[in-house]
Amino acid sequence: MKSIKVSIVSSSEEIYSGEATMVFATGTLGELGIAPGHTPLLAGLTPGPVRVQDGSDEKTFFCSGGFIEVQPDIVTFL
């Protein structure tokens, strides 16, 4: 199964770094679902959950806002 690297960082520290098969977040224009090989994207984030799935394992983080940058092999939350 293909995966994508995920990095979640705040202004003071790295919160999470790992691999995922799917990532979900709430952008300013609606819900985002990011899979490996996704088209490059830069979008604003609204407060809400960020869900990182790796197979059957899922981790949930709270995002108070910021930005998401998507490249074909990495997703970065700022």
Side-chain angles (χ1 to χ4, degrees):
M1 185 174 268
K2 293 180 84 173
S3 65
I4 189 168
K5 182 169 174 36
V6 179
S7 179
I8 302 174
V9 297
S10 72
S11 60
S12 60
E13 65 181 321
E14 182 175 69
I15 296 167
Y16 175 79
S17 180
E19 298 287 322
T21 54
M22 194 72 182
V23 180
F24 300 94
T26 305
T28 54
L29 298 177
E31 193 72 19
L32 298 167
I34 309 297
H38 193 283
T39 301
L41 169 74
L42 180 61
L45 295 170
T46 59
V50 171
R51 296 178 15 238
V52 178
Q53 291 181 344
D54 189 11
S56 62
D57 185 35
E58 181 172 302
K59 294 177 178 58
T60 302
F61 303 90
F62 179 77
C63 173
S64 60
F67 296 93
I68 180 173
E69 179 188 18
V70 178
Q71 295 295 323
D73 59 344
I74 187 167
V75 178
T76 306
F77 291 88
L78 303 169

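Heavy-atom basis, side chains included; hydrogens, waters and symmetry copies ignored.
- Linking Ile, Leu, Val, Met, Phe, Trp and Tyr residues whenever their side-chain heavy atoms come within less than 4.5 Å places V75 and L41 in a single cluster.
- Within the 4.5 Å cutoff, no side-chain heavy atoms of T26 are placed close to those of L45.
- Taking 4.5 Å as the limit, some side-chain heavy atom of F77 sits within range of a side-chain heavy atom of V23.
- For V52 against E19, the heavy-atom pair with the smallest separation is CG1-O, 4.5 Å.
- The line from CZ of F61 to CD1 of I15 is 8.0 Å long, rounded to the nearest 0.5 Å.
- Between atom CG of residue L78 and atom CD1 of residue I68 there is a gap of 9.5 Å, rounded to the nearest 0.5 Å.
- Across P36 and A20, no two heavy atoms sit closer than the pair CG-O, 4.3 Å.
- In this structure, the side chains of V70 and L32 stay at 4.5 Å or more apart for every pair of heavy atoms.
- Heavy atoms of other residues, nucleotides or ligands lying less than 6.0 angstrom from CG of L42 number more than 12.
- Taking every heavy atom of both residues into account, T60 and R51 meet most closely at OG1-CG, 3.9 Å.
- Q53 CD to T21 OG1: the interatomic distance, rounded to the nearest 0.5 Å, is 6.0 Å.
- With rounding to the nearest 0.5 Å, the separation of CD1 in I4 from NE2 in H38 is 8.5 Å.
- Side-chain N or O atoms of T28 include none that pairs as donor or acceptor with a backbone N or O of T46 at under 3.5 Å.
- Interatomic distance, I74 CD1 to S17 OG, rounded to the nearest 0.5 Å: 7.5 Å.
- Taking CD of Q71 as the reference point, atom OG1 of T39 lies at 10.5 Å (rounded to 0.5 Å).
- In plain terms, the two heavy atoms of F62 and P47 that are nearest each other are CZ-CB, 4.2 Å.
- A donor-acceptor pair is defined here as one N or O able to donate and one able to accept, closer than 3.5 Å; no such pair exists between the side chain of T76 and the backbone of S7.
- Looking at F24 and P49, their side chains never come closer than 4.5 Å, going by heavy atoms from C-beta outward.
- By the 6.0 Å contact criterion, OH on Y16 is enclosed, its count of non-hydrogen atoms from other residues, nucleotides or ligands being greater than 12.
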